[in-house]
2 protein chains.
Amino acid sequence: MSTRVRIADVAAAAGVSTATVSRTLSSPGIVGEETRARVMAAVAATGYRINAAARDLRRQQPRAILVLAPNLANTFFSRIIAAIQDVAGQAGLAVQISDSRAGTDMLETMVQGGRADGIVLLDGALRPEMVRNWKLPVIQLCEWNDDYALPGLQIDNAAAARVAVNHLGDLGHTRILHVAGPSENVLSHARRAGFEDAMAARGLSPEIHQGGFTIEAGAAAAHAWANIADRPTAVFTASDECAFGFISECYRLGFKVPRDVSVIGFDDVDFAGHFLPPLTTIHQPRARLGRQAAERLVSALQSGTPLGAGYDQIPPHLVIRSSTSACSASKRTAEQSLRT
Amino acid sequence: MSTRVRIADVAAAAGVSTATVSRTLSSPGIVGEETRARVMAAVAATGYRINAAARDLRRQQPRAILVLAPNLANTFFSRIIAAIQDVAGQAGLAVQISDSRAGTDMLETMVQGGRADGIVLLDGALRPEMVRNWKLPVIQLCEWNDDYALPGLQIDNAAAARVAVNHLGDLGHTRILHVAGPSENVLSHARRAGFEDAMAARGLSPEIHQGGFTIEAGAAAAHAWANIADRPTAVFTASDECAFGFISECYRLGFKVPRDVSVIGFDDVDFAGHFLPPLTTIHQPRARLGRQAAERLVSALQSGTPLGAGYDQIPPHLVIRSSTSACSASKRTAEQSLRT
DNA sequence: CAGCCTCCTGTAATCGATTACATCAGCGTC
DNA sequence: GACGCTGATGTAATCGATTACAGGAGGCTG
């Protein structure tokens, strides 16, 4: 808590001017070798740490990027953020992470307060008037919102849903239920649209249960599914969590996966491969998404050119594990399942 | 990207001095009512946002707290961080989240760069020389390290392990295996020590498998367990993730839980109650931990008094679900299990 | 009406680092 | 030796907000 060391203290200790210290630290090449050594020694001796506020104020450039995520609770974001940190770190930029739902005021202060040069936005549900008003370069990642009129990057969610349907169709399933995500979410819409397309293309009639991304939503969907007289033989859920909830509840109700119902998730979270049964799911290359978004933002920042417009879409990849299997022509009832 | 609005612009628009604008924004009570209205209108009209760097530099107080977590990948931290954000927000403090493993340099800049007033540290494995050198108030949360000589808050990990052992003991288990966490981790040590204590107190001999916190570690432990000739009938794992991995692998090897082995986890993550079987585990009150730590830090910051020393320990709470059951006197072998 | 107090507002110094510009030493060239 | 050039360093203005201090208007008291 002692008074902080200022650049002037280092300068005094090294017997040079503050300008020289500053130059030694930011562009070592232009100071004499001997001077540089003396300054470095003084820095070490005094334990000097640059004052970020002063530097940012003068430079008018905080050299940081801000990551806004709607819910840090979501395991999903962690790896993305790690990748962003990686790219940013290489470029000498700091990374700040903030909850995009922390309240408008706090958010505006973070964004407009001059603490960041650019933003990676993982939330598509903020007020468009607010987002459009931001004066910093922003890139949307994973989620998006056309009303923001911003560039973005995501996997091709609709195509992913089509791949899922085709996998199930190829296994012989004709009655496929989609447990859709929250109705207000863009990802839900895209996945649902892709599902409907693919079903139509195969001449099948889509069945949809309005669900959510959570375990609870999946469990509820399992009950709804179990109550259908002529039950669909396959389910495509809006997220892995939802699939976990669905499958767990199925077992509790006496059904088995994939024997009684095949299930495909979405995201390929860490746990998906270890679940019982290991979950067939759409893989989201989280490290790649984070890296690519960060690279695009960083290069725009460094070159001073604005970010291009439009969305980059990464083609989907289905990871086939054991929660899906061929549709058995002879269907068993739940009662039979229980007996085994 | 247009030139940012400065306080002088607002002052000009409102026909007052910059001092008045500043006062209107920070202590509205001391400016005249009419003036205040004019200033507020000008602020709205110009879209003025305070420049954080300038304010911080002048105030010598960023009004922010920094949360350092070793791995944002861990779902575990999310709820803690949300609680911290809540408390901090009420006190008018911003919250910054950073990866404590992002690299020494970046870390030092975050910590010593004057961007934060205080720190919540969720990592006990940083270099003590570095941490001890920090000039800000720091409170350790969940993990801790005696070498830091800092105050902290955590659940009573040793007591928790004792509770787990006693629960299993009361169910009639006498052969209990502990799948310990990473050897270098404090939590692992405390839980292991509590395990050994409780076993000794019951006159049982502790069996320990050196594992880890991950799903993979749990799966590996399941193999090790299966290879023991006279298998323990109960397992206490170092984390829920580890328990999930253990149980999943058990099923894959043909064993059932809790029929063939009772399992207790640690943390009570969101998924624990939805797992198959629902997991008996030690509950960590994450919101409470976050809130309490933040409150202690914030009140120290506001009053200017240093944080007290010493650790606060929260008593453990065991959530009993279905992964534990009474030890069946007549043990079945894996072969028999497979047949059923 | 002088004197004083209160309430509000303006002036200007200040926080700490950066950097344009000035300065100076040393060297080579004509 | 005068001149110009290069490379290293110092001087001082600057970024934008805060706030100590000064000042002025208006009201109240004696």
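Keep in mind the model is a prediction, meaning the values are calculated, not measured. Order of the sequence lines sets the chain letters (A, B, ...), proteins ahead of strands, with each chain counted from 1. The figures that follow rest on heavy atoms only: side chains count, while hydrogens, waters and symmetry mates do not.
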K.L.:
Should we say atom CD of A:Glu33 is surrounded by more than 12 heavy atoms from elsewhere, each under 6.0 Å from it?
P.N.:
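At most 12 heavy atoms, drawn from other residues, nucleotides or ligands, come within 6.0 Å of this atom.
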K.L.:
Starting the side chain at C-beta, find the nucleotide from C:dA17, D:dG16, C:dA12 nearest to A:Tyr48.
P.N.:
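Shortest atom-to-atom distance from the side chain points to C:dA17.
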K.L.:
Which part of the nucleic acid does B:Val21 contact within heavy-atom distance under 4.0 Å: base, sugar-phosphate only, or nothing?
P.N.:
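The residue B:Val21 makes no contact with any strand.
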K.L.:
Would you call B:Arg291 and B:Glu295 a salt bridge, taking side-chain N to carboxylate O under 4.0 Å as the test?
P.N.:
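No salt bridge links B:Arg291 with B:Glu295.
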K.L.:
Taking for each residue the nucleotide of DNA chain D bearing the nearest heavy atom, is the 5' side occupied by A:Thr18 or by A:Glu33?
P.N.:
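It is A:Glu33 whose nearest nucleotide is closer to the 5' end.
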K.L.:
Would you say the base of D:dG10 and the side-chain of A:Arg23 have a donor-acceptor pair closer than 3.5 Å?
P.N.:
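Donor-acceptor pair under 3.5 Å: yes.
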K.L.:
If the cut-off is 4.0 Å, is B:Gln60 near the phosphate of D:dT18, judged by side-chain N/O to OP1 or OP2?
P.N.:
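For D:dT18, OP1/OP2 do not have a side-chain N/O of B:Gln60 under 4.0 Å.
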K.L.:
Among C:dT11, D:dT9, D:dG16, which is the nearest nucleotide to the side chain of A:Leu57?
P.N.:
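Among the listed nucleotides, the one closest to the side chain of A:Leu57 is D:dG16.
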K.L.:
Tell me the interatomic distance from A:Asp56, atom CG, to C:dG16, atom C1', rounded to whole angstroms.
P.N.:
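Result: 12 Å.
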K.L.:
Is B:Asp123 paired with B:Arg101 through a side-chain N to carboxylate O contact shorter than 4.0 Å?
P.N.:
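Answer for the salt bridge query: yes.
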K.L.:
Where the side chain of A:Ser100 meets the backbone of A:Ala69, is there a donor-acceptor pair that is under 3.5 Å apart?
P.N.:
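Judged by distance alone, yes, a pair lies under 3.5 Å.
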K.L.:
Quick check for you: among C:dG10, C:dC8, D:dT11, whose closest atom lies nearest to any side-chain atom of B:Ala19?
P.N.:
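Comparing C:dG10, C:dC8, D:dT11 against the side chain of B:Ala19, the answer is C:dG10.
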K.L.:
Using only side-chain N and O atoms of A:Thr20, determine if any of them is under 4.0 Å from OP1 or OP2 of D:dT9.
P.N.:
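Checking A:Thr20 against D:dT9: no side-chain N or O falls below 4.0 Å of OP1 or OP2.
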K.L.:
Distance criterion of 3.5 Å, no angle test: do you see the side chain of A:Arg58 paired donor-to-acceptor with the base of D:dT14?
P.N.:
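When only heavy-atom distances are counted, A:Arg58 does reach the base of D:dT14 through a donor-acceptor pair under 3.5 Å.
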